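The structure appears below as structure tokens.
It should be emphasised that the depicted structure is a prediction, and the values quoted were computed from it without experimental measurement. Along the sequence shown, the residues carry numbers beginning at 1.
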Amino acid sequence: MLKKFQWLKICMVVTLLLAGCSSSWRYAQPQPSDAVKGAAIGTVGGAALGAVTGIGVVKGAVIGGLSGGILGQYLENKKPLLQKIADNHVQIIAVGDGLTLLLPVDRFFAPDAPILNENYYSVLNQIAVLLRGLNKYVVKVSGHTDNTGWPQRNLALSRQQAQAVANYLWRQGIDASVLYATGYGDQRPIANNNTAQGRAMNRRIEITLRRITDDSEQ
């Protein structure tokens, strides 16, 4: 059984491979990743990590243990869509009945601004298609920055970027009653801010899905 810190370490290693970004957001366009840049789609069914099986080996995406539970069955049927999303530098992590997508801010936004990169609208459209097929889930969009600059401005920027993504998803048909945005600035880093790669990893949008349960399901 893998403990939480072990699968998180795996995900962070993969994210390091994705940290490189375009020097100009205007030219950062979605392109299929090669084996080095491929994103990971890691899933944990219950407490155990499912057997890892590869699809799209040429493009380097990995899907592990998609067969367990309601969410696992849904993702199993969405492998082609997951592959397209992962090929465009989005990291996808499914744990039990929860799903998280990590979007690199350096690709999805203009530098240091809450302006979406129109070259990545198609990727956001694919994410919306994925989310629309999941019922009884709350969708949280959270923004995160590195620790460069003033903390207050980082907090404001993270909230604005998260809201921009949430607004876009809402326009694509995601139910506003289960969709909300928030920002944490530089308060929740996932990498070392002392390196350029670490700072790039920390500049991210997290789209987190949490399943709504009722008394009959508990």
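A continuous path of Ile, Leu, Val, Met, Phe, Trp and Tyr side chains, each step under 4.5 Å between heavy atoms, connects V139 with V129, placing both in one hydrophobic cluster. The hydrophobic clustering, which links ILVMFWY residues whose side-chain heavy atoms are closer than 4.5 Å, places V105 and L157 apart.
For V165 against L116, the heavy-atom pair with the smallest separation is CG2-CD2, 4.2 Å.
Side-chain atoms of S158 come within 3.5 Å of backbone atoms of G185 as a donor-acceptor pair (strictly under, hydrogens ignored). In terms of modelled atom types and a separation under 3.5 Å, the side chain of Q161 and the main chain of A113 share a donor-acceptor contact. Side-chain N or O atoms of N193 include none that pairs as donor or acceptor with a backbone N or O of G198 at under 3.5 Å. N88 places a side-chain N or O within 3.5 Å of a backbone atom of K84 that can act as its donor or acceptor partner.
A donor-acceptor contact closer than 3.5 angstrom is absent between the side chains of R210 and Y137. Side-chain atoms of N167 and Q163 include a donor-acceptor pair closer than 3.5 Å. For the residue pair D186 and N202, no side-chain donor N or O sits within less than 3.5 Å of a side-chain acceptor on the partner.
Applying the salt bridge (Lys or Arg N to Asp or Glu O under 4.0 Å) test to every pair with at least one member in residues 141-157, sequence neighbours left out, gives these pairs: D112-R153, D146-R203.
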**Request:** Carefully, step by step, assess E76 and K78 under the rule salt bridge (charged side-chain N to carboxylate O under 4.0 Å, His left out).
**Result:** CA-CA 5 Å; E76 181 73 31; K78 294 293 183 179; over 6 Å; no
**Asked** Please walk me through it: do Q73 and N77 pass side chain to side chain donor-acceptor pair (under 3.5 Å)?
**Response** CA-CA 7 Å; Q73 293 174 13; N77 294 328; over 6 Å; no
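Ring pair Y121/Y168: centre-to-centre distance below 6.0 Å.
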